[in-house]
Amino acid sequence: MTRVKICGLTNEDDLETAVAAGADALGIICDVAVDTPREVAVERARELVDAAPPFVTTVLVTMPSGPERAIELADEIEPDAIQFHGSIRLGDLAYLRANVDAKLLLAVDADDAVRAETYDDLVDGLLVDTPAADGGGGTGETHDWDQTRVATADLESPLILAGGLTPDNVADAVRTVEPFAVDVASGVEAEGGVKDPTAVRSFVDRAKNAQRTAEP
Ligand SMILES: O=C(O)c1ccccc1NCC(=O)[C@H](O)[C@H](O)COP(=O)(O)O
């Protein structure tokens, strides 16, 4: 069954909605070099991580200025996993793997998904997204899922599919790409930074049941 990450949580009500809906992972955005209504301060990120129940993975989504800042954020927020967006050097990933007590996830551009192989041994999961020109996520834009499926077919790391997913298209995306997990931020919002509970429930349900509801 496909796992689901609900990303860009800014408050406890939305976090509880995501958990009750059956989300496997909760994304909290902090210290990103782009303007987004989903970013929270370090203290808030720590509070949200602390509010998550057992058996649900907390993911810090960040674009740190360098590896030392990433280590600082990991120490202060204590997430289960860290997801990096923007450019990051291979050497920094190896250094972080040795120095951070969290799983490492890396966002790669769907237009360059073949490059995901370069990072395959260095991270615990690869997220194929449709980023903005500045490297940030949350664009609400889909990409060519057939191309992503082909480009990532030989990856060892779990593949997380992101970019423009919504309750309406997630089942189709899951059936096309067959990812380990899907990730959504703007596609389940009522307004910037606030989730729509009905959309969150529908997204989780349709992502997890996509294979069962396939057309004959
Ligand atoms: O969501 C943001 O605003 C964001 C900003 C900067 C870096 C990462 C960001 N989001 C990361 C995610 O994991 C999103 O879920 C992913 O990019 C998909 O977003 P969307 O297309 O809105 O579902």
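Values below: all heavy atoms of this structure, side chains included; hydrogens, waters and symmetry mates excluded. When a ligand or atom number is given, it counts from 1 through the structure's own listing order.
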Heavy atoms only, cut-off 4.0 Å: how does Cys7 contact ligand 1, side chain, backbone, both, or neither? side chain
Counting from 1, what ligand 1 atoms have a heavy atom of Lys5 closer than 4.0 Å? 13 (O)
Counting N and O atoms only, with roles assigned by atom type, does the side chain of Asp109 sit under 3.5 Å from a partner on the main chain of Asp111, one being a donor and the other an acceptor? yes
Does at least one non-hydrogen atom of Gly140 fall below 4.0 angstrom from an atom of ligand 1? yes
Any idea which protein heavy atom is nearest atom 23 (O) of ligand 1, and the distance to it? Ala185 N, 2.9 Å
When distances are taken from atom 16 (C) of ligand 1, the protein heavy atom at minimum range is Asp129 OD2, 3.4 Å
Residue portion contacting ligand 1 (non-hydrogen atoms closer than 4.0 Å) for Glu39: neither
State whether Glu76 and Arg46 are salt-bridged, where the test is any N-O pair (Lys NZ or Arg NE/NH1/NH2 against Asp/Glu carboxylate O) under 4.0 Å. no
With a 4.0 Å cut-off on N to O distance, would you call Arg69 and Asp31 a salt bridge? yes
Distance-only polar pair, side chains of Thr62 and His85, donor-acceptor under 3.5 Å: no
Do Arg175 and Trp145 touch side chain to side chain, with heavy atoms closer than 4.5 Å? no
Who's the nearest protein heavy-atom neighbour of atom 3 (O) of ligand 1, and how far? Thr36 OG1, 2.6 Å
Salt-bridged, Arg115 to Asp112, with N to O below 4.0 Å? yes
Among protein heavy atoms, which sits nearest to atom 1 (O) of ligand 1, and what does the distance come to when rounded to 0.1 Å? Arg38 NE, 2.9 Å
Are any of the N/O atoms on Leu127, whether in the backbone or the side chain, positioned under 3.5 angstrom from an N/O atom of ligand 1? no
Does ligand 1 have a heavy atom under 4.0 Å from the side chain of Val34, from its backbone, from both, or from neither? side chain
Side-chain donor or acceptor of Lys195 paired with backbone N/O of Cys7 under 3.5 Å: yes
If you measure every N or O of Gly164 against every N or O of ligand 1, does any of those distances drop under 3.5 Å? yes
Sub-4.0 Å atoms of ligand 1 with respect to non-hydrogen atoms of Thr139: 21 (O), 22 (O)
Distance only, no hydrogens: is a donor on one side chain within 3.5 Å (strictly under) of an acceptor on the other, for Asp120 and Ser157? yes
Note the single closest protein heavy atom to atom 8 (C) of ligand 1, along with its residue, its atom name and the distance in Å. Gly137 N, 3.4 Å
What is the closest protein heavy atom to atom 15 (O) of ligand 1, and at what distance does it sit? Asp183 OD1, 2.4 Å
Atom 13 (O) of ligand 1: nearest protein contact (heavy atom, Å): Gln83 NE2, 2.9 Å
Check each atom of ligand 1 against the heavy atoms of Gly163 and keep those under 4.0 Å away; list them by number with element. 18 (C), 21 (O)
Answer with yes or no whether the side chains of Asp14 and Asn11 bring together a donor and an acceptor at under 3.5 Å. yes
Where ligand 1 meets Ile29 - atom numbers and elements under 4.0 angstrom, heavy-atom basis: 1 (O), 2 (C), 4 (C), 9 (C), 10 (N)
Distance to 0.1 Å, residue and atom name: give those for the protein heavy atom nearest to atom 22 (O) of ligand 1. Ser186 OG, 2.5 Å
Give a yes or no on whether the backbone of Gly164 and the side-chain of Asn169 come within a donor-acceptor separation of less than 3.5 Å. yes
Closest heavy-atom pair, Ala33 versus Met63, reported as atoms and distance to 0.1 Å, is N-SD, 3.6 Å
For Val61, take its heavy atoms, then give the atoms of ligand 1 lying under 4.0 Å from any of them. 8 (C), 11 (C)
Of all heavy-atom pairs between Ala51 and Glu12, which one has the smallest distance, and what is that distance? CB-CG, 4.1 Å
